[in-house]
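Residue numbers start from 1 in every chain, and the chains themselves are labelled A, B, ... in the order their sequence lines are given, proteins ahead of strands.
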Amino acid sequence: MINYIIRRLLLLIPVFIGVSLLAFSLLRLIPGDPAKSMLGNKATAAQLQSLRLELGLDDPLPVQYKDYMEDVFQGDLGYSIKSHDSVLEEISTRLPATLELSVVALIFAIVIGVLAGIISAVKRNSWFDHVSMTGALFGVSMPIFWLGLMMIWLFSVTLHWLPPSGRLSVGVHLQLITNIYLLDSLLTGNWQAFKDSFEHILMPALALGTIPMAVIARMTRSSMLEVLNQDFIRTAHAKGLAKYLIIFQHALKNAFLPILTVIGSQFGFLLGGAVLTETIFSWPGVGRYVYQSILSRDYPVVQSTILIIAVLFVLINLITDILYKYFDPRIRYD
Amino acid sequence: MEEQYLLKVDNLHTHFFTKTGVVKAVDGVSFSIRSGETLGIVGESGSGKSITALSIMKLVPNPPGRIVEGAIYYNGEDLMSKSEKQMRRIRGNKLSMIFQDPMTSLNPVFTIGRQLVETVRAHRDLSKRQAEARAIELLTLVGIPDPKQRLKNYPHEFSGGMRQRVMIAMALACDPELLIADEPTTALDVTVQAQILELLKRLQEELGMAIIMITHDLGVVAEICDRVMVMYAGRQVEFTNRIALFDHPKHPYTWGLLDSIPKMEKEKRRLQAIAGHPPDLRYLPQGCYFADRCKQATEECKMHEPTLTKLDDHHLVRCLLYEDIKVEST
């Protein structure tokens with residue numbers, strides 16, 4: 001097991017190189033000139049050229065890549081071309097916001113998705129099954145930006161129940177420790193901030209979690225249906241076990257492997273989906289940051305953020321793979 | 001006064017309501033079993049043996065299946081009137097069941113220790129430690145070496161025969177009065193089959209429980225059963241004790257079954273298979289269900305349904321050949 005984890009972590013190196021190369025070259029393939037976007041249309045050719053020289057943008061691409069990677073391996077993700085801020089610092093305040101949003105979205109998706117899937121499977125062809133599976137179909141087909149805007153219109157503009165944007169209301173103070181507001185407010189026992197940040201995260205998390213929720217619900221239903229027909233479920237009934245034990249322990253643990261796979265892959269989706277959600281709800285996370293940086297051709301920011309998200313994605317997959325072992329002891333890693 | 005039975009099944013009808021029609025899987029079966037006795041239920045696949053067993057446990061998958069008629073008395077209590085909650089207290093406790101395929105009948109993601117402990121604790125008010133001690137005792141009883149260590153193993157770490165022993169241990173967790181064994185040896189190697197039968201026989205002697213042995217293997221019947229019920233197309237066609245079944249089988253279907261077993265002592269001859277297939281349980285023919293495949297069948301057999309006729313105190317048969325009053329064909 002330990003060997004397996006070490007092997008998987010070593011595999012991070014080629015992934016890292018591959019992703020960085022890809023991000024690096026793709027960025028330079030898209031039209032646009034960072035020097036131009038920084039200095040504006042009125043800049044002279046000489047000004048542009050001197051800025052390019054300063055940023056190293058006139059070096060051959062392989063040299064640029066080498067320089068970049070050298071810096072990255074020294075923990076230096078570079079400086080934003082636009083704001084001249086350290087990319088590492090920018091990301092370290094924004095990444096917690098994105099992680100918080102994604103994790104809360106995923107928790108919504110798992111809790112509601114798995115429960116709806118189980119009930120649908122147990123009460124197959126009941127009204128609940130039909131309603132929840134139709135809902136799941138809508139959920140999968142719903143574009144995030146549309147759903148997000150509709151939620152803002154309904155809950156913020158019309159009903160005034162929830163704040164439309166941001167992470168915390170003006171005037172609410174929170175001592176930051178991890179930059180994950182829900183966690184920080186719990187750690188400092190600040191209930192006002194907890195309630196306020198929860199109200200802020202509710203809509204974006206639901207909007208972001210809708211598609212994963214729908215996918216998880218459908219997967220749970222089909223996986224549970226398959227397991228509920230297995231012989232060992234009949235054995236469990238014949239042993240006189242209570243029905244809830246049979247469903248939530250015997251069946252669910254067996255059915256969970258494909259659900260876990262979906263959850264793992266949906267987490268990657270969440271990190272990507274965060275770009276849209278964060279833009280709509282003005283959530284100060286990595287997604288919105290990347291989006292803005294792409295528009296301004298801020299090469300170092302985009303490259304580094306893509307790298308970090310890729311590493312996160314690989315780590316999440318590793319955690320998923322390790323969790324498989326818990327759900328199915330027959331899995332061997334050697 | 002009537003003799004006291006442990007289990008009495010009276011005119012059981014279990015039907016499956018499918019889109020293509022009503023499948024009469026069990027259609028009027030009656031039998032009873034006394035404490036400590038072994039009853040064999042024999043028949044081809046689809047003859048209704050397993051559904052009879054599941055009906056007794058009230059575990060027929062519903063929908064589509066349902067017990068539409070009949071009564072099941074267990075220790076004089078009517079199981080049909082019991083709620084699901086009451087049934088749960090009986091299942092796995094005094095009335096337990098083991099299944100054909102030990103590979104798939106154990107939950108693959110839990111240790112066998114956990115599966116044994118939960119069975120014990122579902123019915124007995126024991127601490128986890130006490131239940132574990134009971135689990136070790138049970139594994140010892142069914143002949144699993146090094147039981148304490150084995151508790152931590154998962155089903156896939158056992159061989160087929162060992163898994164069936166675990167299943168049996170689980171069924172014995174609460175000292176059942178009746179064990180229903182649904183083809184417990186079918187999925188096992190021949191040598192292992194013999195071991196499992198030996199084990200069941202020994203356990204029965206030690207614990208005094210009754211066994212309903214469901215099988216399609218007359219060899220198993222010869223080995224272990226006191227009385228035998230032969231089923232065909234959801235009905236019993238012959239019901240007698242083991243000796244009579246092998247010495248004077250009455251029903252042509254039973255003859256067929258006996259003819260299809262190879263015998264060592266007799267001269268070499270081709271094994272006689274019973275030609276044809278059992279009828280579709282959705283469209284049962286008029287008359288005797290076996291008539292189409294029966295070498296003795298007459299026109300009468302296709303017209304009139306035979307009733308279960310008592311030949312003597314220990315022999316019932318459903319065949320026009322033995323009905324005292326022959327119905328005249330008109």
Region of [X] in contact with chain A, defined by heavy-atom distances below 4.5 Å:
| X | result |
| --- | --- |
| B/Leu106 | backbone |
| B/Ile98 | neither |
| B/Met87 | neither |

Steps toward side chain to side chain contact (heavy atoms under 4.5 Å, CB included) verdict (A/Met224, A/Leu252)
CA-CA 7 Å; A/Met224 280 294 281; A/Leu252 187 59; 4.1 Å; yes
If you check both backbone and side chains, which donor-acceptor pairs between chain B and chain A fall under 3.5 Å?
residue  : atom : partner  : partner atom : Å
B/Gly92  : N    : A/Ala238 : O            : 3.1
B/Thr104 : O    : A/Phe232 : N            : 3.1
B/Thr104 : OG1  : A/Asp231 : OD2          : 2.5
B/Ser105 : O    : A/Thr235 : OG1          : 2.7
B/Asn107 : OD1  : A/Asn254 : ND2          : 2.6
B/Asn107 : ND2  : A/His250 : O            : 3.4
B/Asn107 : ND2  : A/His250 : ND1          : 3.0
B/Val109 : O    : A/Lys253 : NZ           : 3.3
B/Arg114 : NH2  : A/Gln249 : OE1          : 2.4
B/Gln115 : O    : A/Lys239 : NZ           : 3.0
B/Glu118 : OE1  : A/His250 : NE2          : 3.0
B/Glu118 : OE2  : A/Lys239 : NZ           : 3.0
B/Glu118 : OE2  : A/His250 : NE2          : 2.6
B/Thr119 : OG1  : A/Lys239 : NZ           : 3.3
B/His123 : NE2  : A/Lys239 : O            : 2.7

Return yes when atom CG of A/Leu10 has more than 12 non-hydrogen atoms of other residues, nucleotides or ligands closer than 6.0 Å, and no otherwise.
yes
Around atom CZ of A/Phe138, are there more than 12 heavy atoms from other residues, nucleotides or ligands closer than 6.0 Å?
no
What part of A/Ala242 gets closer than 4.5 Å to chain B, counting heavy atoms only: side chain, backbone, both or neither?
both
Please round to the nearest 0.5 Å and tell me the distance separating atom CG of B/Asn75 and atom CG of B/Leu6.
5.5 Å
ring-ring contact (aromatic ring centres under 6.0 Å, His included) filter on A/Phe198, not counting sequence neighbours, yields none
Out of B/Cys174, B/Pro108, B/Gly92, return the one with the most heavy atom pairs under 4.5 angstrom to chain A.
B/Pro108
Are the side chain of B/Lys49 and the backbone N or O of B/Gly43 linked by a donor-acceptor pair below 3.5 Å?
yes
How about B/Glu44 and B/Ser47: does a side-chain donor come under 3.5 Å of a side-chain acceptor?
no
Given side chain to side chain contact (heavy atoms under 4.5 Å, CB included), test A/Ile319 with A/Leu323 step by step and report yes or no.
CA-CA 6 Å; A/Ile319 294 170; A/Leu323 281 178; 4.3 Å; yes
